[in-house]
Visitor: 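Sharing a structure, written as structure tokens. Questions coming.
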Amino acid sequence: VDDIDDVIKDFLIESHEGLDQVERDLVALEEGESPELVARIFRAIHTLKGTCGFLGMSKLERLAHTGENLLSKIRDGELQNTPARTTALLSMSDAVREILQNVEATGEEGETDYSALERELTRLQTPDGEADDGDAAGGEATGGEADDGEADDGEADDGETDDGEADDGEADDGEADDGEADDGEAAHAAELLGEAAAAPAADSRASSTPKAATVAEKPAAPAEPTAARPSLSVVPAPAAGSPGEPKAAAPADVPAPAADPPKPPEARPTSVSDGVVRVGVDLLDDLMNLVGELVLVRNQILQHAHRIDDAAFGATSQRLSHVTTELQEGVMKTRMQPIGNVWSKFPRVVRDLARACEKQVRIEMDGRQTELDRTIIEAIKDPLTHLVRNAVDHGIETPAARSAAGKAPEGTLLLRAFHEGGQVNIEIADDGGGIRADKIRARCVERGLLTESQASRLSDREAMQMIFQPGFSTAAKVTNVSGRGVGMDVVKTNIERIGGTIDVQSSPGEGTSFKIKIPLTLAIIPALVVRSGGARYAIPQVSLLELVRLEGDQLGQIETIQGTRVLRLRGDLLPLVDLADALGIEPQREDDAVNVVVLQADDTHFGLVVEATHDTEEIVVKPLGKELKHIDAFAGATIMGDGRVALILDVLGLAQRAALFGEERGRLREQAAEPETRSADAQTLLLVESVQERPLAVPLAMVDRLEEIPVERVERAGPHDVVRYRGEILPLVHLSRMLYAAGPRGDGETYQVFVVSHEGKRVGLVVERLLDIVEAPLSIEPLGERRGVLGSAIVQDRVVEVVDVAACVRAEMAPRHISSAAWADAAE
Amino acid sequence: VKKMAETTSQYCTFQVHDLYFGIEVMRVQEVMRPPEMTRVPLASSVVRGLINLRGQIVTALDLRRRLQLPERGDDQEPMNVVVRGADGPIALLVDEIGDVLEVTEASYEPPPPTLTGVTRDLVSGVHKLDQHLLLVLDTERAVSGRFA
């Protein structure tokens, strides 16, 4: 048993459990027809068949397959479930168990021949197989024993009485599959059944008292296959198509294999299934809660241990800490499930879907053993299914289209999962047609999500994110496969609800890839504890990028322009949010230093100004009551080491509250509701200066990054300045030259550059100075034809020119034309 | 009438400003002095904070504020009645805890029309007692809905 590998072990455990259920269901089925029961039995047998086919157990597979065929006909209503069929199916269950026991003991399926049983199962698949039997039997009855229909009745009655006994026996034993105690009685009952079977009218008798008959067979069946077999062979002869064949032949046919199997029923108690205990999820949840409490107590004691100087106590509390951590990990493990549990149904989903769409799709899975907390597994099941369906339906092209594009006709869908930095990454990538940004822009306009000008100003990357907007669907037509009202926005919402993020990347013609990051568990997370307004708050570590403490001269790195504070951090402008302001609490400044916690929310980075930062701790996340759930700045609460409650910050909610994102999402939603006020809506604008005293504005949403590039890194390529940037060559466009025909000035050492992208093309726009990031309504007044400028607008009481990013990018691509235009402008 | 008189219920009683309230004993989990509370910024003023009730985080609502009654004086330390809500326990800050009273259904009446405003919404009925009226607090309503 030791060397049975895990797959087979799991298979054995599951199959035994499945068979227990099948047997209960089969018996219950006789009590009354129920489509659900039949369906459940069918599924169980189907699963069994599939798995043993996979494991190369051909005998088992064939047997299960025969049974499945019979079941499918019963399920589809083609056949009635009769006692004979139930009996045959139960016998199949026994036979399967025998084989499983052989597999467990020897690793082989065993030598036993089940062809008689298979024949029986096959015979019962004909709608009139049963009827024939009846007829044949009846015919015989009238023919052979014409004189005593009464005697039949008598016998049947006898059988029934004895069945009654067997019934009692079983009642004592409950479900008693092992019912050795029954053996005598059961065998007796079976014997009687055998006799009854021998009687020509057995079938009519059996169907006249179906309940008694099955009940009698039930204990007999699992305990001693032989007991069931004779009754199963009630009328095997007609199956062979020779009604004249002597009856005795059939029973003789069957006992032989039944005698063969060396495995006594007692073999099961020592089987692998006993190495595994099924435990209720409730119990695990309770344990998890208790461990959570223990973690808190541990934290409390550790804090205490720091304060008092007692080596012994210190050592003991350290030990407690280790044990607690191990216990926590252990209990967490019990709740962990491999992501393969969710994925396992995808090959089927993909296959069916691909057929329906007339596509060829191969699914590849990588990292199916990656484990996740079961609550998270539950939560990602639907979003993942949706993404998989989408990839097949919309992502991968038809074989013809693929061949035309020079790709293999068969598309590939890759599912990948791996752990990284306390998070689980899941990727769903297809090698299909990809998503074209211009299509998305067009769709956004069509759906009223954006105006033409807004759409044209979106960078490709931002356009891609638009597929997560409510009311967006890229499918040209709504098929019955996907696009059933569940959009990508629901996928995103569901993933964010469990603290995850989703990102999409796509290159036209090459495919689309969705990257999902989710926490390993929701219950206990590492968090940074900070202080603001005299209270402590916990910040989930996953959002944390770095901590910056600014003292003395360094405070100059914070620039405050009209109330908005930004921090220059390694060339990037980092918007700052004061936690006390965001929460509307009184700040309690203790010193002059400023503590900035750099956080990531979606794609945006921002700095959270707090009064102090403490340690990172493992915290137990507790939900807030429904009276507080609506506050988006908090993700929950936790109990700190000193027993007091601290709120857990929801970084995403906080960023939204502080209106940090170019407010793409919130803003777009509002716009969809009120199309008239679109143009006047506030936007986050980056203000730059290209030529002295002539400020320019760019919607921050269009800016990928802000960079400071040393002049010596700039190289010439033809007429352009270029710079090697993140593995690619970034062309630089000097706005001063383009807009004002003035040369770059700068400090001569570095260029201030903001990187924009448009239609897949990235360009760095060089400006003199980065001035500010402001939130302002942008109402653009056209300025006549002028390259690179959309028009002018009033931002914070100053006239600024709004940069036409698209034109600037194009300018880079068609240099001569543009430069002449620029010169023309300059000449004016 | 006799049968009615025999059906009694027990109420945990308490004072909030000048009102005398009762909550069915079965709905009350415990009564205690409020432990240290953690303020919840951005929340309604009715939410006084979060308390750690043996490892469980419980929201404490100020019943005076909930009922839009005048603020408690600074010298007056509130008491905490923890009630079992549909979504777990919730703490109500009250002025003073009274006795557990046994009342009969005979003394029960629907809320009098003299009750108005928020109080009317949160009182499911009254018991006419010898000394005063006992207002039966509808705890579900008291802890849900949008507070001012």
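The chains referred to below are lettered A, B, ... by the order of the sequence lines, with proteins before strands, and numbering in each begins at 1.
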Visitor: Please look at A:Ala535 and chain B and tell me whether the side chain, the backbone, both or neither of the residue comes under 4.5 angstrom of a heavy atom of that chain.
Guide: neither
Visitor: Of the backbone (N, CA, C, O) and the side chain (C-beta and beyond), which part of B:Ile51 lies under 4.5 Å from a heavy atom of chain A, both, or neither?
Guide: backbone
Visitor: Drop me the distance from B:Arg48's CZ to B:Asn80's CG, to the nearest 0.5 angstrom.
Guide: 11.0 Å
Visitor: Is A:Leu583 in contact with chain B via its backbone, its side chain, both, or neither, using a 4.5 Å heavy-atom distance?
Guide: both
Visitor: How would you list all residue pairs meeting ring pair (Phe, Tyr, Trp, His ring centres under 6.0 Å) that involve residues 115-141 of chain B, not counting sequence neighbours?
Guide: B:Tyr11-B:His127, B:Tyr20-B:His132, B:Tyr108-B:His127
Visitor: What residue in B:Val58, B:Asn52, B:Val40, B:Ile90 has the most heavy-atom pairs under 4.5 Å with chain A?
Guide: B:Asn52
Visitor: Side chains of A:Thr325 and A:Arg298: donor-acceptor distance under 3.5 Å anywhere?
Guide: yes
Visitor: If we ignore angles and hydrogens, is there a donor and acceptor under 3.5 Å between the side chains of A:Gln328 and A:Glu618?
Guide: yes
